[in-house]
Protein chains: 2
Amino acid sequence: MLSNRQLLILQVIIDEFIQTAQPIGSRAISKKPSVSFSPATIRNEMADLEEMGYIEKTHSSSGRVPSEKGYRFYVDNLLLPFHLSHDDKQIITNVFDQDLVEFEQVVQKSVRVLSEMTNYTSIILGPEVYETTLKQLQIVHLSRTTAVAILVTNTGHVEHRSFTIPSEINPADLEKLVNILNVKLTGVPIVKLHSRLQQELIAILTDYVSDLELAMNYLKGALLDQQPNNVYIGGITNMLLQPEFNDVSKLHSLYSMIEQEDLVANLLRASAEGIHISIGHENKVNEMQDCSLITATYSLAGKQIGTIALLGPKRMEYSRVISMLNLLSNRMSDTFDRW
Amino acid sequence: MLSNRQLLILQVIIDEFIQTAQPIGSRAISKKPSVSFSPATIRNEMADLEEMGYIEKTHSSSGRVPSEKGYRFYVDNLLLPFHLSHDDKQIITNVFDQDLVEFEQVVQKSVRVLSEMTNYTSIILGPEVYETTLKQLQIVHLSRTTAVAILVTNTGHVEHRSFTIPSEINPADLEKLVNILNVKLTGVPIVKLHSRLQQELIAILTDYVSDLELAMNYLKGALLDQQPNNVYIGGITNMLLQPEFNDVSKLHSLYSMIEQEDLVANLLRASAEGIHISIGHENKVNEMQDCSLITATYSLAGKQIGTIALLGPKRMEYSRVISMLNLLSNRMSDTFDRW
DNA sequence: GTTAGCACTCTTGATCTCCGAGTGCTAATT
DNA sequence: AATTAGCACTCGGAGATCAAGAGTGCTAAC
């Protein structure tokens, strides 16, 4: 167990290090107004804190630096609720002021605002379509042999994909097929489209359409193949501002990781509801083990549909960032619910 | 005028520097099989080349490094046609092998391939829609008050935008309006949509639709407001591999420039037909003045519709890169024409 | 005209020193 | 018993110094 004094000292060390990125010495701590002990006393406490693994030295006679265990303790026990300034709140709220009626717009704007306000890299995993349903399906013929399939969801999301129509398929058949599908599939959740197609409709459809299989395969390809990774990333260059990434080789490995959107997407897809923080080696991805990742989820009708995340150095402004993520994720959920 | 020997030496210096990024000394040059003079002779020639401004020293007793004037001369006069390896050609050709029928897919794939093959940053300015025409216009109602407007072009490009329907507008009117517009505007070039709407159709439309103005304004907003910046950028992290960007502060200014997509878009939009090279300070954008930018254009039916560019250090592999850009832009033009 | 030779210049890396910030420990103080 | 002052010690960082090496410019010889 940590004494109150140790708690105070640990708190000061971490707060200070978050600001300056410099090791903190006993003298500097004793000068803090909230601290009223001599450097010698503090040195004793620091030795204990170090023994317990909450802080570290960079070399034998340096000041102390928080360890990952220290950050973890800080995040779990020492985090003070942070009051966002009125301006900050306003900026976040403003994102939702214009009448944006599309998920995508909201998300794009949020990513930008978040990275600008925090100076970290922000990542949003766009709303998953689990709950969205098919609103309308349509084929637009571009020429004899090419067409675009367009799929509109009830959330205003539009997917489209071009394809070539093989000469074996009768365009009229395709047309008929689409008409039937529209009647039968409107309102069906997107994720269930595939199984619905397979299980329930084949029987009905064979009656209407010759060469069914061929046409179906084409439609399936057009509509379902691409599950796009709706990952939005902003402020990647902010990493350059952090002294911990002065080293180009570190940057390179981190950046090439971030460039792999599917990897990032999978990582975030696993996030638990609410705010969650992974510090350094708590991250499974190697390239992130010098970073902290804070995730928050947002929801539609109480059901989690996406994730907002901030990636920065372990030395993040946890408390401020958490407040911002909370506010943003609530606003997002509210907005989506209102639609 | 440069003597043949001077040309040879300049060529060797630049070729070598492009490979190694290290200053080249007279001894190293004289060891090249293509060179048969002693270091002393070469030193004399180098002094002349330096006086003329084609090469520079990094310090008084260092080897020589090409100046921007040197690169310019090299690019204008010394560039040998580069023969792409069979594999390289194959990789580029493969981009077009699958039956991609959408501009976007082709462009996205090209950007990736290009940056992977060159290790530079590749930028493609997506096809401008000047020549594309409206294929179909459609409104899908999501709810009483929201809808998505979808616009399909003859090239398979799909634009969409959600909007809220103000209560003053009669949904039936909107429907009617869209029907009429579809009949009247199909086949009209996208860029002319706006003027067409204003000039020719207002008269006809007033007969059919009450509250015309309101409905029109909404449609215009939905369809024409956003001219999206179709800029695709790949391999940004490749910059980290170049020794000239070891310095984090240089990287930062360059990266924050690249992050501004509209700036990049405007820059490329101005590119002249064919291959064009800007070296260092020939670039107007400050942040690029340590870089070279090579642009190539591609076309549809002989009309330039977009730009491919590679951004790298001044020490670029000009000749290889130019061959690749040539091949790629031709293939792109061919493919688009074939549709 | 070309090249060998040589003195000179400048970078690079290694080694050393000095300074200061910070520590741990002990002994004095409260 | 807890706190603090005092002090010796440690280590990193900034400079200074030095030697090695790569490269140059110039002169004189070929």
Side-chain angles (χ1 to χ4, degrees), chain A residues 1-10 12-17 19-67 70 243-244 246-247, chain B residues 1-10 12-17 19-67 70 243-244 246-247:
Chain A
M1 243 344 25
L2 295 181
S3 70
N4 281 341
R5 194 162 65 189
Q6 287 171 332
L7 291 178
L8 174 62
I9 290 175
L10 182 56
V12 169
I13 291 177
I14 299 187
D15 281 339
E16 197 64 20
F17 188 73
Q19 296 303 321
T20 64
Q22 298 294 326
I24 326 295
S26 53
R27 217 178 94 92
I29 296 176
S30 83
K31 277 194 180 155
K32 286 264 141 187
S34 56
V35 177
S36 51
F37 320 99
S38 74
T41 313
I42 293 168
R43 279 204 288 282
N44 282 324
E45 299 288 26
M46 288 207 292
D48 289 348
L49 284 171
E50 184 171 10
E51 223 162 54
M52 291 184 278
Y54 293 111
I55 55 181
E56 294 166 347
K57 286 189 273 198
T58 60
H59 58 88
S60 78
S61 73
S62 76
R64 300 311 208 290
V65 154
S67 68
E244 23 272 284
N246 258 336
D247 179 12
Chain B
M1 237 354 13
L2 295 181
S3 69
N4 280 342
R5 194 161 64 188
Q6 287 171 331
L7 290 178
L8 174 62
I9 290 175
L10 182 56
V12 169
I13 290 177
I14 300 188
D15 281 340
E16 196 65 18
F17 188 73
Q19 296 304 320
T20 63
Q22 298 294 326
I24 326 294
S26 54
R27 217 179 95 91
I29 297 176
S30 83
K31 277 195 181 156
K32 286 265 140 186
S34 56
V35 178
S36 53
F37 320 99
S38 75
T41 312
I42 292 168
R43 279 203 289 281
N44 283 323
E45 298 289 25
M46 289 207 290
D48 289 348
L49 284 171
E50 183 171 11
E51 222 162 55
M52 291 185 277
Y54 294 111
I55 55 180
E56 293 167 348
K57 286 190 273 196
T58 60
H59 58 88
S60 77
S61 74
S62 77
R64 300 310 208 290
V65 154
S67 67
E244 25 271 284
N246 257 335
D247 179 12

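Letters A, B, ... mirror the listed sequences (proteins, then strands); counts begin at 1.
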Please confirm whether the shortest side-chain N or O distance from Thr41(A) to OP1 or OP2 of dT3(D) is below 4.0 Å.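 Checking dT3(D) against Thr41(A), no side-chain N or O comes under 4.0 Å of OP1 or OP2.
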What is the separation between atom [atom1] on [X] and atom [atom2] on [N], rounded to the nearest whole Å?
X	N	atom1	atom2	value
Gln6(B)	dG1(C)	CD	C1'	14 Å
Glu45(B)	dT2(C)	CD	C1'	11 Å
His59(A)	dC11(D)	NE2	C1'	6 Å
Ile42(A)	dA2(D)	CD1	C1'	15 Å

Please check this pair: side chain of Ser26(A) against backbone of Arg43(A), looking for a donor-acceptor N/O pair closer than 3.5 Å.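 No, Ser26(A) side chain to Arg43(A) backbone: no donor-acceptor pair under 3.5 Å.
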For the student: nearest non-hydrogen atoms of [X] and [Y], plus distance:
X	Y	result
Phe37(B)	Ile42(B)	O-CD1, 3.8 Å
Met46(B)	Ile29(B)	SD-CD1, 3.7 Å
Gly70(A)	Ile14(A)	O-CD1, 3.5 Å

Taking Thr58(B) as the fixed residue, which of Ser61(B), Ser62(B), Ser60(B) is the one that meets the side chain to side chain donor-acceptor pair (under 3.5 Å) rule?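 It is Ser62(B), the one option of Ser61(B), Ser62(B), Ser60(B) that forms the side chain to side chain donor-acceptor pair (under 3.5 Å) with Thr58(B).
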For Arg27(B), what residues pass the salt bridge (Lys or Arg N to Asp or Glu O under 4.0 Å) criterion, not counting sequence neighbours?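 If we apply the salt bridge (Lys or Arg N to Asp or Glu O under 4.0 Å) test to Arg27(B), skipping adjacent residues, there are no hits.
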In B/S/- notation, 5' to 3', how is nucleotides 15-30 of chain D contacted by protein heavy atoms closer than 4.0 Å? -------BBBBB----
